[in-house]
Amino acid sequence: MSLLKVENLSHAFADKKLYDNASFELYKGEHMGIVGQNGSGKSTLIRILLGATVPDQGAVKWQSDAKIGHLDQYAEVDGGLTVSEYLHTAFAHLYAIEEKMNRLYEESAASGDEASLLRAAAYQDRLEAEDFYTVDSRIGRIAAGLGLDAIGMDRPVRELSGGQRAKAILAKLLAEKPNVLLLDEPTNFLDQDHAEWLAGFLTAFDGAYIVVSHDFDFLEKISSCICDIEFGTIRKYYGKYSDFLRQKEHLRQDYVRRYEAQQKQIEKTEEYIRRNIAGVNTRIAQGRRKQLDRMERLTPPAFVHPPSIRFREMPISATAVLTVQKLEVGYRSSLLPELNFKIAGGEKLVIAGFNGIGKSTLLNTLVGRLPAMAGSCRFSEQAAVGYYEQELTWENDTLTPMQVISERYPGLNAKEIRRQLALCGVRGDHAAQPVGTLSGGEQSKVKLCRLLLAPCNFLILDEPTNHLDAETKKALQSALARFSGSVLLVSHEEGFYKGWVDRILRLERA
């Protein structure tokens with residue numbers, strides 16, 4: 001019997017149909033990854049499964065005793081609690097039982113009431129059955145695995161960065177041990193070591209889960225099946241992510257053949273209708289028009305036109321283009337020890353370190369968005385910096401991608417803006433709808449397009465792959481490998497940068 005049964009699911013967002021009569025099941029102990037191009041409806045599917053979004057049609061049926069745990073990175077959290085106190089709220093119901101048990105033991109000791117003693121013993125049996133007496137060690141193990149112990153278990157939640165706060169929410173969810181987990185992009189706020197720990201935790205997890213992720217190395221480790229959202233369908237594949245890729249390639253080739261054959265049939269039929277609609281064969285032409293109207297048309301295969309990413313390069317010399325001397329970065333106090341390093345023209349450097357250590361703070365200091373606490377950082381006169389920031393924030397999220405690009409590059413006409421957005425994978429109606437309504441991946445592509453239009457010779461990129469689909473990630477990886485200028489990259493995906501960077505700078509806590 002399935003834990004989850006999705007039947008005949010149909011749902012549209014704006015004018016785009018995300019799913020059309022789609023069905024799939026999740027079974028007990030099954031480890032499912034969800035993949036699909038940006039904007040295909042992965043996060044929307046999670047919201048539908050949770051009941052937060054009502055689908056246009058179809059049914060979502062959970063097994064009645066399913067205990068569902070959902071990673072909500074924006075959940076309300078009492079900022080006055082310490083990290084340790086917050087994690088222990090996962091077991092508030094057990095602490096309440098312990099309090100009742102102790103009170104009954106005290107009453108029994110004072111009055112000799114055997115009924116109170118029996119009730120207290122029943123409560124104790126329940127606590128033992130739910131491993132209450134291992135709570136502290138369980139929390140400690142999860143906190144260490146996700147790096148929360150390094151942040152400080154006595155630190156108030158209100159002082160955590162966004163990524164650290166998301167880690168705490170994830171840790172509490174894992175400690176609760178639901179029998180079904182729904183996780184949307186859980187590695188976006190984890191560095192490589194902590195993503196590895198999470199992969200091990202999930203692999204050993206005896207419950208079922210559904211994980212949306214663009215980190216395909218992570219999916220390869222944790223998945224026993226993959227659900228792929230494409231062309232309005234949700235197709236389930238059994239096996240690892242690599243098994244899914246092999247199976248999908250065969251299906252894609254078959255889909256292209258069927259799509260091209262249908263297009264030829266449509267073109268031939270439309271030509272017949274044009275030639276005969278007003279002639280002696282008008283009745284036949286009208287009949288063929290009705291056939292066309294009834295035809296279930298295949299969606300154009302988006303993968304036929306993958307993103308094409310190329311930076312507008314400016315010349316650069318081989319001398320040092322960035323010199324960092326005794327630099328300290330932070331807000332009220334320094335986050336890192338003094339930093340001293342140089343980046344030469346054409347050199348590609350990755351900055352590594354656990355999440356929340358200060359990588360983004362360092363980048364924002366280098367580009368002048370934050371003042372240095374001490375020391376200096378200096379770009380050479382010829383350095384033309386292009387900066388990609390991690391956060392998906394907009395000064396005005398009601399602007400369309402067309403308007404976002406036009407605002408930055410007023411000399412471009414509408415046709416050229418559409419072409420540039422399409423090269424980055426933002427096509428059709430998505431180019432003309434408010435940017436705030438787009439998926440995280442589509443917003444990332446708009447930001448990437450804006451960066452590609454600026455001539456530069458030094459790229460500073462903060463987690464650029466967080467929301468990108470496989471095709472766009474591959475195109476960006478190739479573009480960075482070809483780029484002849486300097487690159488300073490923050491990324492938790494070793495598979496993305498391995499093979500084309502020159503060196504790695506690992507940051508340690510001050």
Side-chain angles (χ1 to χ4, degrees), residues 12-18 37-40 259 263 266-267 270 297 299-316 367 369 382-462 464-469 471-485 487:
F13 181 76
D15 295 328
K16 181 179 180 180
K17 180 157 277 191
L18 298 177
Q37 290 190 326
N38 295 136
S40 61
Y259 175 79
Q263 289 302 300
I266 291 170
E267 187 178 339
E270 287 177 339
R297 302 198 181 201
T299 306
F303 54 80
V304 173
H305 304 290
S308 176
I309 296 175
R310 184 174 292 275
F311 293 97
R312 301 193 175 193
E313 299 188 19
M314 295 177 66
I316 192 169
V367 298
R369 296 192 176 187
Q382 68 166 176
V385 176
Y387 180 43
Y388 182 99
E389 61 181 320
Q390 181 180 167
E391 299 299 325
L392 292 178
T393 54
W394 306 91
E395 290 184 10
N396 182 355
D397 64 4
T398 65
L399 295 180
T400 68
M402 295 277 294
Q403 292 168 327
V404 168
I405 302 301
S406 179
E407 193 177 67
R408 180 71 60 89
Y409 303 100
L412 296 179
N413 61 38
K415 183 178 179 181
E416 179 60 14
I417 291 174
R418 275 197 179 273
R419 189 179 78 84
Q420 293 296 334
L421 285 168
L423 288 173
C424 290
V426 182
R427 300 184 176 92
D429 295 340
H430 289 180
Q433 70 185 61
V435 70
T437 67
L438 299 178
S439 70
E442 290 168 314
Q443 291 186 47
S444 296
K445 290 175 182 179
V446 176
K447 287 178 57 183
L448 187 58
C449 179
R450 193 166 60 180
L451 175 62
L452 294 174
L453 288 167
C456 61
N457 54 25
F458 195 138
L459 290 168
I460 297 180
L461 310 170
D462 191 0
T465 64
N466 265 0
H467 302 279
L468 297 181
D469 53 43
E471 287 83 0
T472 310
K473 194 183 295 188
K474 184 176 180 181
L476 177 59
Q477 184 183 48
S478 298
L480 290 172
R482 291 193 308 267
F483 185 65
S484 61
V487 177

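FYI, side chains are in, hydrogens and waters are out, and symmetry mates aren't considered; it's all heavy atoms of this structure.
Here Ser484 pairs with Glu313 under the side chain to side chain donor-acceptor pair (under 3.5 Å) rule; sequence neighbours left out. The salt bridge (charged side-chain N to carboxylate O under 4.0 Å, His left out) check on Glu270 picks up nothing, with sequence neighbours excluded. Qualifying side chain to side chain contact (heavy atoms under 4.5 Å, CB included) partners for Ser444, counting only residues two or more places apart in sequence or in other chains: Tyr388, Leu392, His467, Leu468. In this structure Tyr387 satisfies the side chain to side chain donor-acceptor pair (under 3.5 Å) test together with Asn364, sequence neighbours excluded. In this structure, Lys447 has no salt bridge (charged side-chain N to carboxylate O under 4.0 Å, His left out) partners at least two apart in sequence or on a different chain. In this structure Thr398 satisfies the side chain to side chain donor-acceptor pair (under 3.5 Å) test together with Asn396, sequence neighbours excluded. Taking the side chain to side chain contact (heavy atoms under 4.5 Å, CB included) definition, one finds that Ala422 meets it with Arg427, sequence neighbours left out. Here Arg419 pairs with Glu416 under the salt bridge (charged side-chain N to carboxylate O under 4.0 Å, His left out) rule; sequence neighbours left out. Take Asp469 and apply the side chain to side chain donor-acceptor pair (under 3.5 Å) test, not counting sequence neighbours, and it matches Lys445, Thr472. For Phe311, the ring pair (Phe, Tyr, Trp, His ring centres under 6.0 Å) partners are Phe483, not counting sequence neighbours.
The backbone N or O of Ala432 sits nowhere less than 3.5 Å from a side-chain atom of Thr400 that would complete a donor-acceptor pair. The backbone N or O of Leu438 lies less than 3.5 Å from a partner atom in the side chain of Gln443, making a donor-acceptor pair. In this structure a side-chain-to-backbone donor-acceptor pair under 3.5 Å is missing from Asn466 to Gln390. Between the side chain of Asn457 and the backbone N or O of Ala383, no donor-acceptor pair lies under 3.5 Å.
Residue Asp429 places its CG atom among 12 or fewer non-hydrogen atoms of other residues, nucleotides or ligands, all under 6.0 Å distant. Within a 6.0 Å radius of CZ in Arg310, other residues, nucleotides and ligands contribute 12 heavy atoms or fewer.
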Between Val426 and Cys449, does a side chain to side chain contact (heavy atoms under 4.5 Å, CB included) hold up when you go through it step by step?
CA-CA 9 Å; Val426 182; Cys449 179; over 6 Å; no
Checking Leu399 against Trp394 for the side chain to side chain contact (heavy atoms under 4.5 Å, CB included) test, could you report, in this order, the C-alpha distance in whole Å, the side-chain angles of both residues, the deciding distance, and whether it holds?
CA-CA 9 Å; Leu399 295 180; Trp394 306 91; over 6 Å; no
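Identified under the salt bridge (Lys or Arg N to Asp or Glu O under 4.0 Å) test for residues 385-407, with sequence neighbours left out: Arg369-Glu389. For residues 410-461, the ring-ring contact (aromatic ring centres under 6.0 Å, His included) pairs, not counting sequence neighbours, are Phe379-Phe458.
Put simply, CD1 on Ile405 and SG on Cys424 are 8.0 Å apart, with the number rounded to the nearest 0.5 Å.
Using a 4.5 Å heavy-atom threshold, the side chains of Gln420 and Leu452 count as separate.
Side chain to side chain, Ser40 and Gln37 fail the donor-acceptor criterion of an N or O pair below 3.5 Å.
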